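For reference, the structure discussed in these notes is given below.
Source: prediction; values computed, not measured. Counting starts at 1 for both ligands and their atoms, following the listed order.
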Amino acid sequence: MGKYSLKYLCVLMLLLLKTGSSAFADNGYKLWLEYNKVGNPQLAVAYRQQLSYVIFPAASDRLKAAKFELLTGLDEMLTLKPVDAKSITNGQTIIIGTPQLLKSFSIAVPDSIGGEGYLIKTTLIGQKKCILIAANSDVGVIYGVFNFLKLIQINQSISKLNISDHPRMMYRVLDHWDNLNRTVERGYAGSSIWNWHKLPGVIDQRYIDYARANASVGINGSVVNNVNADALILSPQYLLKVQALANVFRTYGIKIYLSVKFSSPVELGGLKTADPLDPAVKKWWADKADEIYSYIPDFGGFLVKANSEGQPGPQSYGRTHADGANMLADALEPHHGIVMWRAFVYDNKVPDDRFKQAYNEFKPLDGKFKDNVIVQVKNGPIDFQPREPFHPLFGAMPNTPLMMEFQLTQEYLGFSTHLVYEAPLFAECLQSDTYTHGKGSTVARVIKGDFNKKLITGMAGVANIGADLNWCGHPFAQANWYAFGRTAWNSDQSPAVIADDWLRMTFTDDENFVSPVKKFMLQSRENTVNYMAPLGLHHIMGVSTHYGPGPWVDNAGRPDWNATYYHKADSSGIGFDRTGTGSNALAQYAPEVKARWESLQTCPDEYLLWFHHLSWTYKMSSGRSLWDELVYHYYAGAESVKQMSRTWEKMEGKIDAERFSEVKQLMQVQLNEAITWRDACVLYFQTFSKMPIETTYPKSQHPLDYYRNMKFYYVPGIGGNNYMTN
Ligand code: BDP
């Protein structure tokens with residue numbers, strides 16, 4: 001070490017002594033796997049005592065990884081290195097593995113927890129008390145170990161354990177919209193983490209840490225490339241790179257999947273057509289599947305965006321979505337792969353409400369897909385808006401597996417500068433009642449296959465991960481990745497519990513931090529709805545970039561990309577009439593749902609303008625006019641960001657200085673942007689309502705034209721050299 005660096009170190013140490021532990025820098029790279037030291041001394045002693053010895057035969061790569069994680073976690077949290085043992089010391093041993101590996105201890109693991117479930121129990125083996133983590137498979141052991149570590153991370157007692165858990169859904173998958181040139185479509189956390197240029201030669205530590213993080217929350221699949229796919233991904237050169245990633249993921253129980261371009265047989269294979277019924281096309285895909293499996297024996301399958309937003313698909317050849325999906329499913333079936341076929345389709349040439357188009361196309365295909373096809377449906381009918389009613393397809397295809405698609409990356413929720421905890425959004429959709437099989441037919445139960453046990457099941461999250469040091473751009477955006485995994489594992493877990501765990505694992509167990517911060521996390525999505533799109537407004541953001549407000553957008557490439565198409569504001573009122581007097585999209589729901597949203601007496605305020613066009617003076621349940629209510633929500637939304645940042649300021653010193661300061665600055669940006677949203681929208685809609693804004697509210701600092709003319713260059717998430725502005 002040179003003399004300058006020594007001097008630097010001394011200064012740094014002095015600084016740390018002076019300012020306490022909160023001066024330690026933490027860039028957030030470790031996510032929720034921080035493994036902070038257990039602060040409570042009695043608890044730490046109790047933990048150490050019970051974990052003095054470990055019996056953990058680690059035969060496979062997966063078990064070796066699990067053992068490494070366990071030992072690393074215990075060392076970091078408790079400065080503990082348990083002694084490897086062969087027999088149990090009463091009350092002091094932790095024993096881990098599958099029944100086959102732990103033969104001499106005759107351990108029983110029920111079949112009911114399946115291949116991925118696990119047990120964590122305090123138990124007696126041969127009269128000796130020990131902690132047992134057991135599963136039917138090595139992957140189950142990995143999940144058991146991460147969940148055991150979590151107990152210590154959140155400082156729970158481990159003296160009387162009786163946990164048995166298993167995933168409620170089969171396919172729990174992250175969809176990366178990552179391009180091969182490392183741009184990320186709708187990505188706000190830097191470039192793609194996949195360094196295709198250096199693959200397969202260089203395995204970045206990030207790939208391993210990515211897999212660890214996923215496994216810790218039960219994510220078992222990763223689609224590594226954009227749904228707007230590049231055919232090149234299926235070339236041998238790229239398959240070798242994909243294979244290298246698959247090898248890393250496998251250790252953590254994660255299968256790799258690829259987005260494929262439907263026209264690949266033409267673009268890559270030189271065929272004249274990609275018609276799914278053409279024998280040469282079928283053969284091309286079957287051969288391609290064989291080739292992929294020769295590289296990656298446990299390859300997961302394909303994700304397909306077809307005949308949507310300019311992508312090729314079976315309809316280009318007069319065939320249906322089922323024809324296209326089934327042809328690919330045939331190719332994958334011998335290898336046990338699946339096809340995730342997206343239902344995100346709409347066409348501006350179809351003269352019908354965009355809301356209705358996916359249902360119109362897919363409902364007639366119910367029951368026509370092969371068993372290894374799952375139709376991937378976005379949570380709402382338009383496109384990941386701050387709030388959407390649940391997609392009508394969830395109540396309309398009882399004989400087809402439906403995979404939920406949530407968007408973790410905040411395309412419509414303020415990119416990575418706004419703190420928006422999405423678990424309440426997930427829960428709102430999943431707990432919605434479709435009534436398709438009577439009362440209680442929630443979206444969650446539909447996608448879990450409760451009403452049709454034969455179906456495969458799954459949930460996808462469009463990843464919010466990039467090469468930023470903290471992975472997700474905003475320290476709190478990590479919570480959405482975490483919450484997605486937890487929700488896909490078991491959608492009955494409450495957003496509050498998930499937030500609580502995440503905060504303790506990521507930051508600190510200090511109640512004075514966890515409690516107020518959890519409170520604003522749970523409120524954060526509603527705040528953003530309020531300052532962006534309250535009362536059921538939707539799709540009123542800037543065109544193309546989807547950044548900032550753009551309620552005035554009326555000249556986008558196609559009508560269904562215009563904000564005016566959705567809010568329909570005019571002098572008579574605002575909102576999209578989707579009742580019988582309008583587009584009648586409500587007819588796509590079960591009669592109970594339709595009746596509730598159709599009647600102004602029962603339609604909740606949250607969905608009002610999704611379904612009704614109402615006059616500005618319409619009297620709301622609050623007693624306010626619709627105009628006053630709208631203004632009230634916009635102001636309440638911006639105000640709530642101010643309150644949130646005040647609460648955050650009080651957190652100084654409770655966590656590391658680096659993340660504290662980063663969040664503080666981000667909240668200021670969020671506040672400025674919330675005010676922009678508020679003022680731009682209120683001033684714009686006022687041009688139609690012609691009604692006053694109460695004088696008690698702060699006045700907009702700028703006239704409407706200022707907002708309309710704002711330009712944003714090189715907005716992230718749209719790729720390439722495209723510097724589109726709003
Ligand atoms: C929209 C995005 C677009 C995606 C599309 C999709 O704006 O970039 O390609 O969804 O899901 O939300 O395919």
Side-chain angles (χ1 to χ4, degrees), residues 173-181 183-189 192 223-230 233 257-262 302-313 315 321 324 340-348 354-355 357-358 361-362 375-388 391 393 402-416 420 422 425 429 459-464 466 480 484 532-533 538-548 550 553 556-558 560-563 565-566 712 715-720 722 724 726:
V173 178
L174 279 183
D175 291 355
H176 290 261
W177 287 358
D178 294 20
N179 297 313
L180 302 185
N181 64 3
T183 57
V184 181
E185 181 149 347
R186 311 307 178 183
Y188 313 107
S192 169
V223 185
V224 289
N225 62 323
N226 192 356
V227 283
N228 296 315
D230 187 330
I233 195 74
Y257 298 77
L258 292 176
S259 292
V260 296
K261 192 166 189 178
F262 202 77
F302 297 146
L303 172 64
V304 194
K305 171 174 177 178
N307 294 118
S308 167
E309 299 185 331
Q311 289 300 319
Q315 293 179 331
H321 284 285
M340 298 175 283
W341 190 270
R342 295 178 89 225
F344 178 66
V345 297
Y346 63 102
D347 186 347
N348 64 320
R354 171 172 165 188
F355 187 117
Q357 295 185 23
E361 286 207 29
F362 277 83
V375 174
Q376 188 169 300
V377 183
K378 289 189 180 182
N379 57 291
I382 298 294
D383 190 7
F384 299 136
Q385 294 304 297
R387 167 166 281 123
E388 297 208 21
H391 201 301
L393 274 177
L402 298 176
M403 185 172 197
M404 172 62 70
E405 182 176 346
F406 286 125
Q407 192 182 43
L408 316 183
T409 188
Q410 292 170 230
E411 177 179 359
Y412 301 101
L413 287 169
F415 290 15
S416 57
V420 181
E422 294 179 356
L425 182 159
C429 174
M459 191 182 285
V462 180
N464 58 354
N480 294 332
F484 167 74
M532 283 187 180
H538 50 284
H539 211 291
I540 58 168
M541 64 290 153
V543 69
S544 306
T545 63
H546 297 174
Y547 175 72
V553 172
R558 33 193 278 190
D560 53 5
W561 286 349
N562 285 327
Y565 172 100
Y566 297 94
F712 306 103
V715 172
I718 46 179
N722 197 337
M724 271 186 272
N726 274 16

Note to self: For a quick check: using heavy atoms under 4.0 Å, what are the residues in contact with ligand 1, sorted by chain and number?
What the structure shows: W177, E185, R186, V227, N228, K305, E309, R342, F344, K378, D383, E411, Y412, H546
Who pairs with [X] by side-chain contact (heavy atoms from CB on, under 4.5 Å), at least two apart in sequence or on another chain?
| X | answer |
| --- | --- |
| A189 | D468 |
| D230 | L180, L232 |
| N228 | E185, N226, K305, Q311 |

Check: Between Y412 and E388, does a side-chain contact (heavy atoms from CB on, under 4.5 Å) hold up when you go through it step by step?
Finding: CA-CA 12 Å; Y412 301 101; E388 297 208 21; over 6 Å; no
Next item on the list: Give the ring-plane orientation class for Y566 versus H538, where under 30° counts as parallel, over 60° as perpendicular and anything between as tilted.
Entry: perpendicular
Next item on the list: Specify whether H546 and H539 have parallel, tilted or perpendicular ring planes, treating 30° as the upper limit for parallel and 60° as the lower limit for perpendicular.
Entry: perpendicular
